[in-house]
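The block underneath contains the structure these notes are about, expressed in structure tokens.
Predicted model only: the values in this text are computed from it and were never measured. Only heavy atoms go into these numbers, but all of them, side chains included; no hydrogens, no water, no symmetry mates. Every chain is numbered from 1, with letters handed out A, B, ... down the list of sequences.
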Amino acid sequence: MRRTTERHPSDGTLRRLVDEPAGVADADREHVAGCPACLSGLAAAQRDATAAAAALGTGGPAGTGTDAAWHRLSAAVAAGRPRPAAAPRRRWALRRPLVAGLGVVVVLAGGGVAAAGDWLQVFRTEQVAPVTVTQADLVALPDLTAYGEVEVLEEPDVREVPDAAAAEAATGLSVPEVAELPRGVTGEPSYQAGGRISAVFTFSAEQAAQAAAEAGEQLPPPPPGLDGGQFRLTAGPGVAAVWPSANGVPALVVARAGAPTGESSGIPFATARDYLLSLPGIPEDLAAQLRGFGGAGTTLPLPVPAGLATSEPADVDGAPATVLTSRDGLVAGVVWVEDGVVTAVAGSLGADEVLAVARGLDG
Amino acid sequence: MAGGDAVRADLEQVFRTAWPRVVAVAARVVGDRHRAEDVAQEVFLSFARSSVPAGEAPGWLAVAAAHTALNHLRSDRRRATREEAAGAPDPTAPDVADDVVTRDERRRVRAALARLPRRQAVALVLRHSGLSYAEVAAALDLSPGSVGTTVRRAESALREELTRHAPHH
């Protein structure tokens with residue numbers, strides 16, 4: 001004789017009854033069949049599911065055929081654009097893209113300065129230093145949602161604006177003028193402007209322990225005060241002038257942004273950083289490199305995939321700068337920080353050319 | 001092709017199998033086939049150089065499509081808010097005709113999706129794109145039991161969002 005459960009099945013179980021009843025235990029199904037409260041819940045789940053299905057309807061069949069789409073992708077792949085690193089293998093739930101090569105410039109274009117408020121500012125970017133990581137490291141970085149809540153407070157909303165004046169009006173940052181365009185770069189640039197981006201990460205020891213257990217590892221005991229501790233990362237606003245080229249990779253990009261800042265509401269940054277770096281899933285060699293960043297926490301680590309780009313130090317009018325060059329030599333960029341503002345010059349150019357542009361910037 | 005920048009050998013095979021579904025997932029979010037294809041191209045470009053095991057590719061691609069499309073929505077929403085504030089005309093491209101919801105309703109749906117907690121939004125879109133509970137669970141690293149809960153919450157939140165932001169005239 002089969003028995004029905006005494007307990008009401010969860011809302012999730014009721015939801016599954018709507019469209020995958022075979023996945024629900026017999027006992028739960030029988031309970032629902034004889035329980036007015038659950039039947040009412042099931043009806044509500046059914047209504048919401050139907051409404052959602054209607055709301056999410058896509059209308060119409062696929063547009064481009066697969067062959068045409070494949071040709072488009074092949075062309076883009078062949079153009080060899082540096083791509084953001086792929087999402088991690090296991091935890092893809094939250095993807096703020098990790099960047100590589102030229103992509104660094106895009107991220108820095110969203111960089112900015114945070115208002116301190118009642119937050120303890122934990123690091124402020126005053127220097128740029130590269131961290132060399134392999135793509136394998138990048139794809140192994142854990143999603144922070146496994147270790148707590150991530151709430152995006154402000155989106156950067158990077159968009160095109162008509163001209164340099166509009167970019168400045170939108171962000172308060174002036175677009176540096178290029179004194180002399182490198183050979184092969186012609187025409188008028190398009191201008192991009194982006195507001196501030198900020199997110200708060202709230203560490204949860206319980207979630208972190210669960211994530212570690214799922215990975216078959218033990219969570220190291222969190223330092224006192226970290227559980228429930230909040231970290232705010234803020235960047236932006238930023239502006240960029242972009243000279244296009246035929247192959248999709250910008251011929252030249254000049255970008256400027258407020259430097260990213262990180263703040264903590266409680267425990268010291270160094271303590272939090274060292275603990276976070278020791279969590280299961282962070283490659284040890286990357287963690288070691290990050291720990292090497294100045295005790296004052298004023299260095300912005302740039303993830304430079306070892307297989308894609310090389311980096312070397314340089315200077316731009318006295319400011320220490322980092323030059324990044326793609327392994328194939330087709331793309332180069334230079335990045336430096338001065339007075340809390342990050343400036344980057346990059347493009348389908350040589351390292352000497354981007355440095356020449358950087359040193360000739362006006363404003 | 002640069003040496004250290006290898007494109008995976010199974011790209012075309014995976015692409016031909018998964019393209020329709022990746023577009024479909026993105027289309028549920030952005031509500032426009034052409035934009036959905038742009039999103040799908042972006043997703044496959046990332047996939048091309050990834051080391052995602054072939055067996056995990058379908059789930060990876062579906063999740064990436066949902067995230068990428070949701071990222072597009074968020075920037076749309078802020079642009080729309082700003083343009084409304086500035087009194088500018090709405091530049092939204094005409095949506096694919098849909099018998100069930102009007103264009104304005106579609107815009108509200110997209111705004112509501114963008115406001116949902118990300119994990120809920122992704123689970124919702126994947127389930128409504130035809131992924132089974134087990135597939136959604138694997139793709140989002142959830143237990144199969146919690147997929148129903150997450151989808152249920154998302155649908156409930158979607159209804160509340162659409163009700164709250166319904167036009168009052």
Decide salt bridge (Lys or Arg N to Asp or Glu O under 4.0 Å) for A/Asp67 and B/Arg16; before the verdict, give the C-alpha distance in whole Å, the side-chain angles of both, and the deciding distance to 0.1 Å. CA-CA 8 Å; A/Asp67 282 341; B/Arg16 290 189 177 280; 2.6 Å; yes
How long is the gap from CZ on B/Phe44 to OG on A/Ser74, to the nearest 0.5 Å? 11.5 Å
May I have the step-by-step check of side chain to side chain contact (heavy atoms under 4.5 Å, CB included) for B/Leu11 and A/Leu73, ending in yes or no? CA-CA 10 Å; B/Leu11 179 61; A/Leu73 181 73; 4.2 Å; yes
B/Ala48 versus chain A, the contacting section by heavy-atom distance below 4.5 Å: side chain
Region of B/Ala154 that comes under 4.5 Å of a non-hydrogen atom in chain A: neither
Checked A/Gly23, A/Ala44, A/Ala51, A/Ala49 vs chain B; the most non-hydrogen pairs under 4.5 Å come from A/Ala49
Region of A/Ala45 in contact with chain B, defined by heavy-atom distances below 4.5 Å: both
Going through the distances and angles, do A/Leu56 and B/Leu124 end up as a side chain to side chain contact (heavy atoms under 4.5 Å, CB included)? CA-CA 9 Å; A/Leu56 296 174; B/Leu124 176 74; 3.8 Å; yes
Mark yes when over 12 heavy atoms from residues, nucleotides or ligands other than B/Glu12 sit less than 6.0 Å from its CD; otherwise mark no. yes
Using a 6.0 Å cut-off, check whether atom CD of B/Glu160 has over 12 heavy atoms from anything other than its own residue. yes
May I ask you to test the [X]-[Y] pair for a side-chain heavy-atom distance under 4.5 Å?
{"X": "B/Asp38", "Y": "A/Arg72", "value": "yes"}
{"X": "A/Arg15", "Y": "B/Tyr133", "value": "yes"}
{"X": "B/Leu45", "Y": "A/Val77", "value": "yes"}

If the threshold is 4.0 Å, N to carboxylate O, is there a salt bridge linking B/Arg159 and A/Asp48? yes
Shortest non-hydrogen pair, A/Ser10 vs B/Thr149, comes out as OG-OG1, 4.4 Å
Between B/Glu155 and A/Ala52 the two heavy atoms that sit nearest each other are CG-CB, 3.7 Å
Using a 3.5 Å distance criterion without hydrogens, assess whether the side chain of A/Glu20 forms a donor-acceptor pair with backbone atoms of B/Ser132. no
Apply the test side chain to side chain contact (heavy atoms under 4.5 Å, CB included) to residues B/Arg127 and A/Asp19: give CA-CA distance (whole Å), side-chain angles for both, the deciding distance (0.1 Å), then the verdict. CA-CA 10 Å; B/Arg127 179 67 195 113; A/Asp19 56 1; 3.1 Å; yes
